[in-house]
Amino acid sequence: MTDYDAVVKLALERGFYFPSCEVYGDAQAGFWEYGPSGVSFKNKFLELWRRELIRRDGMMEIDGSQIMSGSVFEASGHLASFADPITRCKKCGLTVRADKAIEEAARITVPEAAEPAEFDRIIDAEKIRCPKCGGGFASTERFNMMFKVGIGPEGREAYLRPETCQSIFVDFPRLFKSMRGRLPMGVGQIGKSFRNEIAPRQGLLRLREFYQAEIEVFCNPARLDLVEGFAAISDTVLRLQMTTEDSGVMNVTCARAVESGLVPNRLVAYYLGLLSEFYEKTGIDMSRGRFRRLGQKEKAFYAEVAFDFEVETSTGWLELVACNYRSGHDLSGHAAKSGEKFEVMDGDEKVLPHIFEISMGIDRSLYTILEHSLRHDGEHDRTVLSLKPYLAPVHIGILSLVKKDGLREKTDEIHNSIKRRCDAFLDHSGAIGRRYRRLDEVGAPLAATIDHQTLEDNTVTVRMRDSMEQSRVGVAELDSVVAAHTSYP
RNA sequence: GCGGAGUUAGUUUAGCCCGGUAUGACGUCAGCUUCCCAAGCUGAAGGCCGCGGGUUCGAAUCCCGCACUCCGCACCA
């Protein structure tokens with residue numbers, strides 16, 4: 001069984017995640033639900049994100065609409081650029097990208113954003129045929145990856161957002177004014193985005209409806225090297241890979257990365273440093289991670305400089321975060337379309353802020369943490385999910401060694417006294433070893449077992465997930481033991 | 001979307017070639033055991049065999065279509 005299969009099996013058996021609408025045959029691919037363990041785990045991951053990025057850096061957090069008006073995506077460029085020109089072979093049904101087919105057959109480069117009729121004209125003029133069967137092509141159409149929705153009885157045009165950040169951009173003027181903003185200003189958001197992927201695949205890794213945690217840093221393009229607090233991360237090590245040459249991954253400090261020109265400025269290096277420190281704390285094996293600088297062709301249409309944070313998993317290198325320097329693309333687009341002013345004062349200077357974004361895929365991050373944390377302990381023949389204690393869905397299992405002689409009642413009492421302050425799981429049934437194994441599988445770092453001695457001296461056995469070591473702890477101290485062991489770093 | 005493989009209980013799996021409504025394991029639940037690492041014993045629940053149609057007296061099994069999952073290609077601002 002591959003690591004991927006092992007994670008999927010655990011996810012299904014232990015309620016981390018599973019397919020949406022699975023009782024119906026018309027369920028579509030690319031939609032998954034988080035179960036109880038998954039939600040508890042996700043919430044803790046997001047709390048870590050808030051601590052390490054939003055609060056640490058004094059950013060704002062908003063929660064925007066998932067449905068946004070058509071104008072937003074006209075201004076952002078998504079209506080024109082987030083769509084592929086596709087054409088279909090009339091004989092064998094092969095669907096190809098019109099621009100790719102023309103490029104390959106006739107060596108003519110047509111801009112992706114050209115009109116469909118332009119593609120048809122060239123296909124006709126160059127007598128381009130299906131590369132597979134030689135058949136003729138039907139008319140070129142635009143397949144836009146945004147989900148269109150109709151608002152109200154008239155069905156007014158709107159779209160499910162394909163990235164959460166558009167809310168942040170259009171809210172910027174109000175946020176800057178009402179929240180007494182000053183540059184650089186970070187605004188974050190956790191929420192869902194929607195993309196009509198042609199072929200969703202691999203569970204949480206490629207979804208049509210997915211979670212993003214995005215941070216948009218509004219900055220003065222003339223002051224990208226004036227970063228307050230840079231000293232805090234200047235010695236943080238980044239694992240960098242340049243795309244141009246087949247260079248390996250280099251370990252360089254943030255300070256060194258800027259000096260050597262590997263990272264264009266201190267602002268970008270600062271946030272790569274914060275991000276690196278964040279992921280270190282998620283339990284992902286950072287020796288299998290890298291920040292890869294993207295080449296011209298790989299970058300998104302709005303990005304000037306882009307680094308992807310990628311991690312090696314059993315499915316190959318997986319992109320968890322896109323860090324894009326989007327320059328003035330977004331705000332100038334919204335300014336022009338809306339007529340609203342997006343310039344702000346930075347000291348004595350009036351500037352249209354540029355944007356550096358940290359766009360995190362939450363689902364992919366959660367998957368990667370699970371895969372990197374799941375291990376088989378051959379010595380004791382058990383499956384252990386060695387999550388960081390602060391990310392575990394269950395903090396502590398509360399178990400009765402046996403049910404009789406009042407141990408069940410004592411166990412219930414202890415569970416009741418603790419359950420509002422942490423995620424405690426009560427279990428009376430089955431052999432004690434079996435219950436420990438169950439807790440190991442959901443990643444619970446602690447278990448407290450109530451036995452006959454508890455009735456005499458009010459102590460319990462506390463068992464550690466990773467070492468399986470046991471110690472005797474007073475019931476009165478249980479609270480503080482749990483808090484100390486499961487608190488965020 | 002193309003090509004390939006697959007889909008039977010929570011998980012895993014037999015049965016399919018050679019039609020007669022389904023097998024085992026693990027897990028779950030209850031009881032006994034009162035026990036500190038998946039112990040043992042007894043019992044139970046759980047399946048419209050992915051969905052729809054066809055052939056047939058009768059379909060998990062044969063035929064057709066569709067969906068989903070996985071792999072490869074293409075795609076992935």
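The shown structure was predicted, so the numbers you read here are calculated from the model rather than taken from an experiment. Chain A is the first sequence line, chain B the second, and so forth, proteins listed ahead of strands; every chain is numbered from 1.
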Quick check on the 6.0 Å ring-centre criterion: do Phe291(A) and Phe307(A) meet it?
no
Side-chain atoms of Tyr4(A) come closest, of C37(B), C70(B), C76(B), to C70(B)
Polar atoms only, N or O, under 3.5 Å: list the protein pairs with nucleotides 23-31 of chain B and their distances.
unit_1, atom_1, unit_2, atom_2, d
G27(B), OP1, Arg434(A), NH1, 2.7
U28(B), OP1, Arg438(A), NH1, 2.1
U28(B), OP2, Arg434(A), NH1, 3.3

Between the base of C76(B) and the side chain of Glu197(A), is there a donor and acceptor pair under 3.5 angstrom?
no
Does Arg206(A) contact C75(B) through a side-chain donor or acceptor facing the base, at a distance under 3.5 Å?
yes
Just to be sure I understand the rule, does Gln202(A) reach a base, reach only the sugar-phosphate, or reach nothing, if contact means heavy atoms closer than 4.0 Å?
sugar-phosphate
Report which part of the nucleic acid Ile432(A) touches: base, sugar-phosphate, or nothing (heavy-atom distance under 4.0 Å, all strands).
sugar-phosphate
Looking only at atom P, what distance separates C37(B) and A44(B), rounded to whole Å?
31 Å
So, Glu209(A) and Lys192(A), do they make that salt bridge, N to O below 4.0 Å?
yes
So do the side chains of Glu319(A) and Phe309(A) get within less than 4.5 Å of each other, counting heavy atoms only?
no
The side chain of Lys9(A) lies closest to which of these nucleotides: C36(B), U12(B), C76(B)?
U12(B)
P-based separation of G72(B) from G58(B) [nearest Å]
44 Å
Pairwise C1' distance, U11(B) and U28(B) [rounded to whole Å]:
11 Å
What is the distance from CZ of Arg208(A) to C1' of U69(B), rounded to the nearest Å?
14 Å
Under the 3.5 Å rule, do the base of C70(B) and the side chain of Asp5(A) count as making a donor-acceptor pair?
no
Which base, if any, makes a Watson-Crick or G-U wobble pair with G47(B), both distances under 3.5 Å?
none
Reading nucleotides 48-53 of chain B 5' to 3', which nucleotides get B (base under 4.0 Å from a protein heavy atom), which S (sugar-phosphate only), which -?
------
With both distances kept under 3.5 Å, what pairs with U56(B), Watson-Crick or G-U wobble?
none
Under 3.5 Å on both distances, the Watson-Crick or G-U partner of A9(B)
none
Spell out, as yes or no, whether a donor-acceptor pair under 3.5 Å connects the side chain of Asp405(A) to the backbone of Leu407(A).
no
Ala29(A) side chain: which of C37(B), U11(B), C68(B) is closest?
C68(B)
Could you tell me whether Phe210(A) and Phe31(A) have their ring centroids closer than 6.0 angstrom?
no
Distance test, side-chain N/O of Gln453(A) to OP1/OP2 of C36(B), below 4.0 Å:
no
Is there a donor on the side chain of Arg463(A) or the base of C37(B) sitting less than 3.5 Å from an acceptor on the other?
yes
As a test of reading the structure: which of C71(B), C36(B), U69(B) is closest to the side chain of Arg201(A), going by heavy atoms?
C71(B)
Quick one: label Asp381(A) by what it contacts on the DNA or RNA (base, sugar-phosphate, nothing), any heavy atom closer than 4.0 Å.
base
Say you pick atom P in C63(B) and the same atom in A5(B); how far apart are they, in whole Å?
14 Å
Need one value for Gln28(A): base, sugar-phosphate or nothing, where a base atom within 4.0 Å counts as base even if backbone is also close, heavy atoms only.
sugar-phosphate
Which side chain to side chain donor-acceptor pair (under 3.5 Å) pairs, counting each pair once, include a residue from residues 29-40 of chain A, with sequence neighbours left out?
Ser20(A)-Glu33(A), Tyr34(A)-Asp363(A), Ser40(A)-Lys44(A)
What is the nucleic acid contact for Glu441(A), judged by heavy atoms within less than 4.0 Å: base, sugar-phosphate only, or nothing?
base
For the residue pair Arg326(A) and Phe356(A), would you count it as a cation-pi contact if the rule is NZ or CZ under 6.0 angstrom from the ring centre and within 45 degrees of the ring axis?
no
Passes side-chain hydrogen bond (donor to acceptor under 3.5 Å, both in side chains), Lys148(A) versus Asn196(A)? Steps please.
CA-CA 10 Å; Lys148(A) 192 173 186 172; Asn196(A) 202 356; over 6 Å; no
Assign the ring pair Tyr4(A) / Tyr367(A) to parallel, tilted or perpendicular, where the plane angle (0 to 90°) is split at 30° and 60°.
tilted
Quick check: does any side chain N or O of His395(A) sit under 3.5 Å from a backbone N or O of Asp423(A), one acting as donor and the other as acceptor?
yes
With a 4.0 Å cut-off on heavy atoms, is Gln212(A) in touch with a base, just the backbone sugar-phosphate, or nothing at all?
base
For the C1' atoms, the ones on A59(B) and on G53(B), what distance do you get once it is rounded to whole angstrom?
13 Å
P gap between C51(B) and U61(B), integer Å:
11 Å
Scan every strand shown for a Watson-Crick or G-U wobble partner of A30(B), both distances under 3.5 Å, and answer none if you come up empty.
U42(B)
Let's test this: given Watson-Crick or G-U wobble pairing with both distances under 3.5 Å, identify the partner of C2(B).
G72(B)
Using the rule side chain to side chain contact (heavy atoms under 4.5 Å, CB included), only one of Val8(A), Leu366(A), Leu370(A) pairs with Phe16(A); which is it?
Leu370(A)
Classify Glu13(A) by what it touches in the nucleic acid, base, sugar-phosphate, or nothing, heavy-atom distance under 4.0 Å.
sugar-phosphate
Rounded P spacing from C36(B) to C70(B) in Å
43 Å
Starting at atom CZ of Arg465(A), determine the distance to atom P of C36(B), rounded to an integer number of angstrom.
24 Å
Centroid-centroid distance, Tyr159(A) to Phe147(A), less than 6.0 Å:
no
Heavy atoms only, 4.0 Å cut-off, all strands: where does Asp405(A) land among base, sugar-phosphate and nothing?
nothing
What does Arg435(A) touch in the nucleic acid at a heavy-atom separation under 4.0 angstrom: a base, only the sugar-phosphate, or nothing?
nothing
In Watson-Crick or G-U wobble terms, with both distances under 3.5 Å, the base opposite C16(B) is none
